[in-house]
Amino acid sequence: MKLQFASRSENEAFARVTVAAFVSQLDPTMDELTDLKTVISEAVTNSIIHGYDNNPSGVVTISAEIVGEEVTIYVSDEGNGIEDLEMARQPLYTSKPDMERSGMGFTIMENFMDEFEVNSEPGAGTTIRMKKRIESKKALYN
């Protein structure tokens with residue numbers, strides 16, 4: 001699945017629901033679905049606010065692939081990129097303190113997913129790769 005949309009905050013909900021619908025074919029639990037929606041919200045919001053500085057002319061791209069019981073999701077932008085990736089991944093760090101950002105986006109994504117990777121180049125954008133194994137509800141009832 002591949003999805004591209006303008007970097008507008010109102011598209012964050014659209015992205016979250018679209019990825020949830022795609023992953024629903026694996027019959028995830030409600031907790032798994034909530035985790036996935038949360039990480040999509042965090043990643044898309046980061047692209048919009050940090051990658052594009054709320055400029056709606058940017059494009060956020062999400063691609064997702066299911067292999068077996070695992071979903072791999074990529075969220076990318078061609079925005080500002082991250083100057084200091086190590087610092088940005090620290091809990092509570094935010095480059096936008098004036099916007100009352102919590103600085104927990106990367107921490108949340110890392111904790112909710114089985115694998116999490118960030119690649120970024122200043123001035124060229126950021127790509128986040130996340131992977132999660134879905135424990136089908138069907139298995140819970142057998």
Side-chain angles (χ1 to χ4, degrees), residues 1-56 58-122 124-142:
M1 183 222 32
K2 185 173 184 179
L3 177 66
Q4 291 186 308
F5 51 90
S7 57
R8 297 178 173 275
S9 61
E10 56 267 28
N11 287 333
E12 177 261 326
F14 168 67
R16 187 177 61 232
V17 170
T18 303
V19 172
F22 177 73
V23 174
S24 68
Q25 63 189 295
L26 291 176
D27 198 22
T29 65
M30 286 305 293
D31 286 344
E32 289 169 331
L33 213 47
T34 299
D35 289 353
L36 288 166
K37 288 178 174 180
T38 300
V39 299
I40 293 302
S41 292
E42 292 292 337
V44 168
T45 298
N46 278 353
S47 287
I48 293 168
I49 291 174
H50 299 287
Y52 292 118
D53 291 323
N54 286 310
N55 180 342
V59 174
V60 178
T61 302
I62 298 177
S63 60
E65 173 184 41
I66 294 173
V67 175
E69 296 173 347
E70 290 184 328
V71 61
T72 303
I73 303 166
Y74 294 86
V75 179
S76 61
D77 64 65
E78 296 178 352
N80 297 322
I82 301 170
E83 291 289 332
D84 186 341
L85 190 53
E86 187 175 325
M87 178 66 79
R89 291 190 65 170
Q90 296 301 310
L92 304 177
Y93 172 81
T94 179
S95 63
K96 306 258 186 207
D98 55 313
M99 295 182 69
E100 298 181 18
R101 307 302 303 165
S102 72
M104 293 299 290
F106 284 154
T107 302
I108 289 167
M109 288 182 264
E110 191 164 15
N111 285 321
F112 283 15
M113 301 300 282
D114 296 327
E115 293 180 24
F116 175 77
E117 180 182 319
V118 182
N119 290 302
S120 188
E121 187 175 326
T126 301
T127 298
I128 295 172
R129 183 187 65 82
M130 302 175 280
K131 186 181 276 191
K132 185 167 187 75
R133 180 178 176 82
I134 303 298
E135 302 297 331
S136 172
K137 286 189 289 190
K138 293 173 194 167
L140 298 175
Y141 301 116
N142 291 332

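Not measured: the values here are computed from a predicted model.
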Visitor: Which pair of non-hydrogen atoms, one from K131 and one from T72, has the smallest distance, and what is that distance?
Guide: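 Here K131 and T72 meet closest at CE-OG1, 3.1 Å.
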Visitor: Just how far is it from atom CZ of R129 to atom CE of M109, taken to the nearest 0.5 Å?
Guide: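 Nearest 0.5 Å value for the CZ-CE distance: 13.5 Å.
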Visitor: Do you know which two heavy atoms are closest between I40 and M130, and how far apart they sit?
Guide: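 Closest heavy-atom pair between I40 and M130: CD1-CE, 4.4 Å.
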Visitor: Are the side chain of Y52 and the backbone N or O of A6 linked by a donor-acceptor pair below 3.5 Å?
Guide: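 No, Y52 side chain to A6 backbone: no donor-acceptor pair under 3.5 Å.
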Visitor: List for me each residue that meets side-chain hydrogen bond (donor to acceptor under 3.5 Å, both in side chains) alongside E70, sequence neighbours excluded, and say none if there are none.
Guide: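 side-chain hydrogen bond (donor to acceptor under 3.5 Å, both in side chains) check on E70 returns nothing, list empty.
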Visitor: For the CD atom of E121 and the CD1 atom of I82, what is their distance to the nearest 0.5 Å?
Guide: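 CD1 of I82 is found 12.0 Å from CD of E121.
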Visitor: Nearest 0.5 angstrom please: F112 CZ to L36 CG, how far?
Guide: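 Those atoms lie 10.5 Å apart.
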Visitor: List in chain and number order the residues that pass side-chain hydrogen bond (donor to acceptor under 3.5 Å, both in side chains) with E65, two or more places apart in sequence or in another chain; answer none if no residue qualifies.
Guide: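 Expected list: none.
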Visitor: Fit a plane to each ring of F116 and F106, take the angle between them on a 0 to 90° scale, and name the class: parallel (under 30°), tilted (30 to 60°) or perpendicular (over 60°).
Guide: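 The arrangement is tilted - the two ring planes meet at 30° to 60°.
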Visitor: Say whether, by atom type as modelled, one donor and one acceptor occur between the side chain of N11 and the main chain of F5 under 3.5 angstrom.
Guide: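 It does not hold such a pair.
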Visitor: List the steps, then state whether side chain to side chain donor-acceptor pair (under 3.5 Å) holds for D27 with Q25.
Guide: CA-CA 5 Å; D27 198 22; Q25 63 189 295; over 6 Å; no
Visitor: Looking at CG of N54 and OG of S9, how far apart are the two atoms once the value is rounded to the nearest 0.5 Å?
Guide: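 With rounding to 0.5 Å, CG (N54) is 7.0 Å from OG (S9).
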Visitor: Ignoring hydrogens, what is the shortest heavy-atom contact between G68 and L26? Give both atom names and the distance.
Guide: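 In terms of heavy atoms, the two residues are closest at O-CD2, 3.5 Å.
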Visitor: Any sub-3.5 Å donor-acceptor pair from E32's side-chain atoms to T29's backbone N or O?
Guide: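 It does hold such a pair.
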Visitor: When you measure from the side chain of D53 to the backbone of N55, do you find a donor-acceptor pair of N or O atoms at a distance under 3.5 Å?
Guide: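 Side chain of D53 to backbone of N55: no pair is present.
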Visitor: What residues, two or more places apart in sequence or in another chain, satisfy side-chain hydrogen bond (donor to acceptor under 3.5 Å, both in side chains) together with S41?
Guide: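 Only E12, R16 meet the side-chain hydrogen bond (donor to acceptor under 3.5 Å, both in side chains) criterion with S41.
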Visitor: To the closest 0.5 Å, what do you measure between CD1 (I62) and CZ (F22)?
Guide: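 Answer rounded to 0.5 Å: 11.5 Å.
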Visitor: How close do T127 and S76 get, heavy atom to heavy atom, and via which atoms?
Guide: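 Heavy-atom minimum between the residues: OG1-CB, 3.3 Å.
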Visitor: Out of V75, N80, D77, N119, which residue meets the side-chain contact (heavy atoms from CB on, under 4.5 Å) rule with T126?
Guide: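 Per the side-chain contact (heavy atoms from CB on, under 4.5 Å) rule, the option paired with T126 is D77, out of V75, N80, D77, N119.
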Visitor: Can you name the nearest heavy-atom pair linking V39 to I108, along with the distance?
Guide: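 Smallest interatomic distance, heavy atoms only, reads CG1-O, 4.4 Å.
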Visitor: Rounded at 0.5 Å granularity, tell me how far CZ in R133 sits from CD in E115.
Guide: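 Result: 12.0 Å between the selected atoms.
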Visitor: Identify, with sequence neighbours excluded, every residue that meets side-chain hydrogen bond (donor to acceptor under 3.5 Å, both in side chains) alongside T61.
Guide: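 Scan of T61 (side-chain hydrogen bond (donor to acceptor under 3.5 Å, both in side chains), adjacent residues dropped) gives Q4.
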Visitor: Looking only at non-hydrogen atoms, find the nearest pair between A15 and V44 and report the distance.
Guide: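 Closest approach of A15 to V44, heavy atoms only: CB-CG2, 4.0 Å.
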Visitor: Would you please name every residue forming a salt bridge (Lys or Arg N to Asp or Glu O under 4.0 Å) with K132, sequence neighbours left out?
Guide: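 Only D35 meet the salt bridge (Lys or Arg N to Asp or Glu O under 4.0 Å) criterion with K132.
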Visitor: List the residues meeting side-chain contact (heavy atoms from CB on, under 4.5 Å) with E10, not counting sequence neighbours, and say none if there are none.
Guide: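 E10 satisfies side-chain contact (heavy atoms from CB on, under 4.5 Å) with R8 once adjacent residues are dropped.
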